[in-house]
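Take a look at the structure below.
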Amino acid sequence: MNEFQEKNSDEIRQILAKYPPEYKRSAVMPLLHIAQRRKGYVSPDDIRNIAEILDISSTDVASVSGFYTLFHEEEGGRYRIQICTDLPCALRGAETFLQSVCAELGVAPGETTSDGFFTVEEVKCLAACHRAPVLQVQGEDEIIYHENQTLETFRTLIEDLRRHGQAQKEGA
Amino acid sequence: MSQYILLRHRDTPNLHTLDGYQASGGFAAFQKAVTTMKPEEVLQEVKDSGLRERGGAGFPTGIKWSFLPDKIWPHYVVANADESEPGTFKDRELLEENPFQFLEGLMLACYAVQANLGYVYLRGEFWQISEQIDGCIAALESAGLLGENLFGGNYKLSLHTHLGAGAYICGEETALLESIEGHLGQPRLRPPFPATSGLFNKPTVINNVETLANVPPIVEHGAAWYHTFGTEKSPGTKIFSLSGNINKPGNYELPLGTPFRELIYGHGGGIPGGRGVKAIMAAGASSTLILADDKALDTPMDYESTLQELGAPLGSASVIVVDDAVNIGWLVKKTANFFKHESCGKCTPCREGTYWMDHITQRLIEGEASLQDVDLLYNVATQMQGRNLCALGEFSTMAVTSGIEKFRDDFEALVKK
């Protein structure tokens, strides 16, 4: 039993029970989600451990991890601020909103703030077109939507996140 | 009865709780089906209702169910909750606010095709909703509505969620099945079709969330009742997701056959700043662009009329309103970039075609394109059509070709002078 399995044994057992035993590989995305949630990204160790649990190759796991956009293989900011700029959102000012957010945080899309708290990402449709501009915050153990955003609500949001992240850091 | 068949939570409190849902008659249809109806009777009722797939294809649901062979077992039912089409946000409202009606529909679908196991595939961004649905499933197990020997009979049923992780293509049903099996979300070559060889190589029905939410009222009130809504060939109500340049964006549940004008100017409150409507996209980013003239605005929104009168499929009824300040070349750049990002890369026409359409439209909006580039763009799109493994590749060309055909001036206005 590897370290990943030991740490998450109950959850892994419950996940494997969802699928026929001969289709154990079905658990690869749920297990990648565990890794992603625990650390905010999927590490090479996670890939090896998941492969071992499911009796598939590390390459198989890495290919799945690489295909889906919510699995990250590199450490980003503590919070990934993901802003939708697809057509319906763009018609409601999402592109301008993205620019203001980047200016506010002093980064370009894809970059992380120097304090390591925020990575700004431009993403595809989040199924919240009627409440654009919209962003989701992907952090450890969460994906949370924030809708009908303005620069003012965004400022409040990042202050809250910073405070929360800082408190966690000091607690740990 | 209330005006809602699907968005009932808007006038029924606590519908998202099992107690609240049962207090408003929830699970009466499931109990009636399992205790007094044969599976084929449930299937027949849904067939007679004329319910059509609400995910985009508009295929008759009962007929889809009837394709499962009775010699290959087990059967599976998968609910498609991968809602990712730009402009579509109806399933999300149902999942968050009226989850038990959707789950009861899934359970009735399972019973109708004699599946003992069903899955709910949710897009990864619906992480919180997935936890909520897990909670609903646990509540149903505790209440004895899921599990062994339901209502004292022989039927048993379990449901599980499976969370995606960010891939539009997984809304395509065979890519969705690949994803559940732990592979890249890439469509399968058909045949075989999922009805004979789907999930885990077994006969499988895949239905959209909204489709399934229609099933409990159909089983409860009957097919004839359902036909009192909508048109003859497109019966029932539909949730129209209204977005873009519109005063009151949101979900509107209306009978199929409601004209565009009523949705946009009646329910949607018209266009901000009193501007004119230039174009309508009825099926999200996958739309054929509709030139919004009086004829279009008076066209009924149902599966036949929109296609026959305007040459544009209704799809998932995600109506994006585009006002007269928008340049269609810019709009096509947005859709081309979306499809380039979401192409799974399995088949060449889509992988390469979306790449080049994105490239050319980028050049266009940067003012670096020539007139020939507009023709080249059109040429790439038409060469892709009919040559893709799945509908994503086809969809990626729709706004491009219809945009150039109907709004060529907008493209020419962007070329290098």
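Only a predicted model underlies this, so the values are computations on that prediction, with no experimental measurement involved. Chain identifiers are assigned alphabetically (A, B, ...) following the order of the sequence lines, protein sequences preceding nucleic acid strands; residue numbering begins at 1 within each chain.
Contact annotation for I320(B): only side-chain heavy atoms (C-beta onward) come within less than 4.5 Å of a heavy atom of chain A. Within the 4.5 angstrom heavy-atom criterion, atoms from both the backbone and the side chain of I144(A) approach chain B. If you measure heavy-atom distances from Q36(A) to chain B, you find no contacts under 4.5 Å at all. With a 4.5 Å cut-off on non-hydrogen atoms, T161(B) touches chain A through its backbone and its side chain both. Using a 4.5 Å cut-off between heavy atoms, R92(A) touches chain B through its side chain atoms alone. Both the backbone and the side chain of C344(B) come within contact range of chain A, judged by heavy atoms closer than 4.5 Å. Both the backbone and the side chain of N201(B) come within contact range of chain A, judged by heavy atoms closer than 4.5 Å. Contact of S158(B) with chain A is not made at all, since no heavy-atom distance falls under 4.5 Å. Only the side chain of E131(B) comes within less than 4.5 Å of a heavy atom in chain A; its backbone stays farther off. At a 4.5 Å heavy-atom cutoff, the contact between T335(B) and chain A is made by side-chain atoms alone.
Of the possible donor and acceptor atoms, one in the side chain of Y68(A) sits under 3.5 Å from a partner among the backbone N and O of G185(B).
Between A90(A) and K334(B), the shortest heavy-atom distance links the atoms CB-CE, 3.9 Å. Summarising the geometry of P86(B) relative to C129(A), their closest heavy-atom pair is C-SG, 4.4 Å, with the distance given to 0.1 Å. Shown here for S63(A) and L184(B), the closest heavy-atom pair between the two residues is O-CD2, 3.2 Å. Nearest heavy-atom pair, H33(A) versus L163(B), reported as atom, atom and distance to 0.1 Å: NE2-O, 3.6 Å. In terms of heavy-atom proximity, G182(B) sits nearest to R25(A) at O-NE, 2.9 Å.
Side-chain contact between H130(A) and F89(B) is present, with at least one heavy-atom pair separated by less than 4.5 Å. Residues Y19(A) and H162(B) are in side-chain contact: their nearest non-hydrogen atoms beyond the backbone lie under 4.5 Å apart. Between Y168(B) and C125(A) there is no side-chain heavy-atom pair separated by less than 4.5 Å. Inter-residue side-chain proximity for N337(B) and K124(A) is flagged as met; some heavy-atom pair is nearer than 4.5 Å. Using a 4.5 Å heavy-atom threshold, the side chains of W330(B) and L87(A) count as touching. Inter-residue side-chain proximity for V28(A) and H183(B) is flagged as unmet; no heavy-atom pair is nearer than 4.5 Å. Using a 4.5 Å heavy-atom cutoff, the side chains of E125(B) and Y145(A) are in contact.
For residues 115-123 of chain B, a heavy-atom distance under 4.5 Å to chain A picks out Y119(B), Y121(B), R123(B), given by residue number.
Each of N245(B), V321(B), D323(B) was scored for a side-chain contact (heavy atoms from CB on, under 4.5 Å) with L91(A), with one residue passing: N245(B).
At most 12 non-hydrogen atoms from other residues, nucleotides or ligands lie less than 6.0 angstrom from NZ of K7(A). Heavy atoms from other residues, nucleotides or ligands lying under 6.0 Å from CD of E74(A) number 12 at most. More than 12 non-hydrogen atoms from other residues, nucleotides or ligands lie less than 6.0 angstrom from CD of E6(A).
Counting heavy-atom pairs closer than 4.5 Å to chain A, the top-ranked of the candidates G124(B), A165(B), S179(B) is A165(B). Heavy-atom pairs under 4.5 Å with chain B peak, among P20(A), P30(A), C84(A), at P20(A). Note: T85(A) leads T85(A), I15(A), L32(A), D60(A) in heavy-atom pairs under 4.5 Å with chain B.
One finds no salt bridge joining K333(B) and E95(A) here, because no Lys/Arg side-chain nitrogen approaches an Asp/Glu carboxylate oxygen to under 4.0 Å.
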